[in-house]
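Chain naming here is simple, since letters A, B, ... match the order of the sequence lines and numbering starts at 1 in each.
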Amino acid sequence: MMMSSMEKKVRVRFAPSPTGGLHLGGVRTVLYNYLFAKQHQGDFVLRIEDTDQTRFVEGAEQYIYDCLTWCGITPDESPLQPGQFGPYRQSERKEMYRQYANQLIEAGYAYYAFDTPEDLEKMRADFKTESNPSPQYDGSIRMQMKNSLSMSSNEVQDLLNQHTPYVIRIKMPENETIAFHDLIHHEVRFESALVDDKVLLKGDGMPTYHLAVVVDDFLMKITHAFRGEEWLSSAPVHVLLWKYLFGLEHMPQWAHLPLIMGPRGKLSKRDGAKYGFPVFAMNWTDPRSNEFTEGFKEKGFLPEAFVNLLAMLGWNSGEEKELYTIDELIEKFSIERVHKSGAKFDYEKAKWFNQEWIKKLDVDDLLPLVKDMFENKDVRISDDVYFKTIIHLVKERCALISDFYDQAVYFFMAPTEIDVAAVKPKWTIEKANFFEELSSKLEDLNEWEVSTIEEIFKNLAAEKNIKPGELQLPMRIMLVGGKFGPAVFEIAHLIGKADTLSRIQSALIQINE
RNA sequence: GCCGCGUUGGUCAAGAGGUUAAGACGCCUCCCUUUCACGGAGGAAUCACGGGUUCGAGUCCCGUACGUGGUACCA
């Protein structure tokens, strides 16, 4: 694929604000950016939008890096790997924004506003009516507020000289249709009169998102700007800023991604726990409230599956295939095939994706993850070869990595509780005798092989005139504790003679009582 | 309220004027298996509503309803 030399190199960015956990929608935005960039041999930039100092959260930035690493996504440029367009934290670019704000003022596209928070509150209260429950600071009321448009230049100069706190707001044009092309939504249009005079530069000298995103996208030579649809409403502000500052011809191509919804409306970061499934990529503990939220990783998801399922939520290749590696996604992804409408997240389907990936992955790939999970539960794994055999035996029964525990602990310890109720109703003295005799026959067995164990079992059953099927379930309960797991003789073979015999004996006591 | 965006089974979705309206998840039945899964075969279930345009509309247009986002010196 040759890129014409006239064509600009594709550069995209993900620009999260480090204020908390990274949720599903955020990860998907990262993913679509990344897939698009890699498909076009472009750059994927990670920029930290930390312009709101009041919302600084310790550890949140590191958490973002960790999540991307887990997903297997490495930015080409980031605060950790600066390229030639740094710095990559907006707080460190603070001084760059002011000149653009001033430039806007000089051109008459923006103005100083001296209204205090109390003034704004009063305005909202005073202008609030039944038909207009949330009045905006816009063309209809700005002349009634304290700003460089409503006051004389002398007054303004005085206030400025006295270092009166102020913000800089964009002056939305009177009567203009602002239209732009969106890669997903196609033509989108807004009436300027209905958009408010957004703050561009805050009282503390920091830019708001609106100014920062435009300035940084320009300075960082971003060619395609993908973000969540929640930004669509403020797009006209950004389009205008591009027009005023850098020229529409340099504006990146926009794509507003559909939202990911929870079971009952929008997916909220806060009630992660309420849904019964994670919303964050990884575990997150809010350092302020100490509130803990479990992540997909720790819940037992594989990064391959997580990336796969997220990619399919809002995009579809048009093929029937649903299982893709990230490399396949890079090849197949197309922004044109991203849906317009939001998608409800389905946890059941998410688990299916994970199960498919567990089946798909090699035992060797699974080993470190499963081993880690076991050791976290204080089960030491000393023999990797043995453990791999077990993983192979139970992997298709596991939807989550954590499922391996229940599916395989009995290979390492006798069940603490056995499902006595499953055998008791059909239990007979003959069956009890069978297991006593079986025990002594197994005791004498020299080679502990699946086939020999099975042979002894079946021969004895025939001798006793009991159907082997009626004995296999009790045997399973004795060894495993419940009605699940692989072939019972396979299990006996793997746990060894001593364990098999002791489990039969202790189970017999419980069942016979 | 106003503005924006959206609407194919319960969920994810294919579909770009003419199809018996794919497929997947979940659910149900059966087969395989004297466990549970995996696998296999079936089944129930959909174009929000109303008007147009057209020989013909899930596909185009207009309304309505519903959902969702925005309406902060938050991103």
*May I ask you to verify if any side-chain N or O of A/R337 is less than 4.0 angstrom from the OP1 or OP2 atom of B/rG15?*
yes

*With distance as the sole test, does A/S402 use its side chain to make a donor-acceptor pair with the main-chain N or O of A/G300 at under 3.5 Å?*
no

*Provide the closest heavy-atom pair for A/K340 versus A/P258 in the form atom of the first, atom of the second, distance.*
O-CB, 3.7 Å

_Whole-angstrom distance between B/rA44 and B/rG63, as gauged at atom P_ = 39 Å

*Taking atom C1' in both B/rA13 and B/rC61, compute the distance separating them and give it to the nearest angstrom.*
26 Å

*So what does A/G314 hit on the nucleic acid, given a heavy-atom distance under 4.0 Å: a base, only sugar-phosphate, or nothing?*
sugar-phosphate

*With heavy atoms under 4.0 Å as the rule, sort A/V167 into base, sugar-phosphate or nothing.*
base

*Looking for any heavy atom pair under 4.0 Å, which part of the strands does A/N132 touch: base, sugar-phosphate only, or nothing?*
base

*Nucleotide forming a Watson-Crick or wobble pair with B/rU64, both distances under 3.5 Å*: B/rA48

_Work out how far the C1' atom of B/rC60 is from that of B/rA22, and round it to whole angstrom._
23 Å

*Could you give the CG-to-P distance, from A/L259 to B/rG70, as a whole number of Å?*
8 Å

*May I have the distance from A/F489 (atom CZ) to B/rU34 (atom P), rounded to whole angstrom?*
10 Å

*Under 4.0 Å between a side-chain N/O of A/R189 and OP1 or OP2 of B/rC3, yes or no?*
no

*Distance check: side-chain N/O of A/T51 vs OP1/OP2 of B/rA75, anything under 4.0 Å?*
yes

_Under 3.5 Å: donor-acceptor pair, side chain of A/D119, backbone of A/M145_ = no

*Answer with base, sugar-phosphate or nothing: what part of the nucleic acid does A/P165 contact at a heavy-atom distance below 4.0 Å?*
nothing

*Selection from B/rC12, B/rA14, B/rU35 that lies nearest to any side-chain heavy atom of A/K483*: B/rU35

_Would you say A/H185 places a side-chain N or O within less than 4.0 Å of OP1 or OP2 belonging to B/rG6?_
yes

_Ring-face cation contact, A/W427 with A/K424, 6.0 Å cut, 45° max_ = no

*With rounding to whole Å, what would you report as the distance between B/rG26 and B/rU46 at their C1' atoms?*
15 Å

*Could you measure between the two C1' atoms, the one in B/rC73 and the one in B/rG15, and give it in whole Å?*
48 Å

*asked:* If I pick the P atom on B/rU59 and the same atom on B/rG50, what distance separates them, to the nearest angstrom?
replied: 12 Å

*Which word best sums up how the rings of A/W242 and A/F218 line up, parallel for under 30°, tilted for 30 to 60°, or perpendicular for over 60°?*
perpendicular

*Distance in angstrom units between A/F180 CZ and B/rC3 C1', rounded*: 13 Å

*Can you tell me the distance, in whole Å, between the CD atom of A/E322 and the P atom of B/rA13?*
11 Å

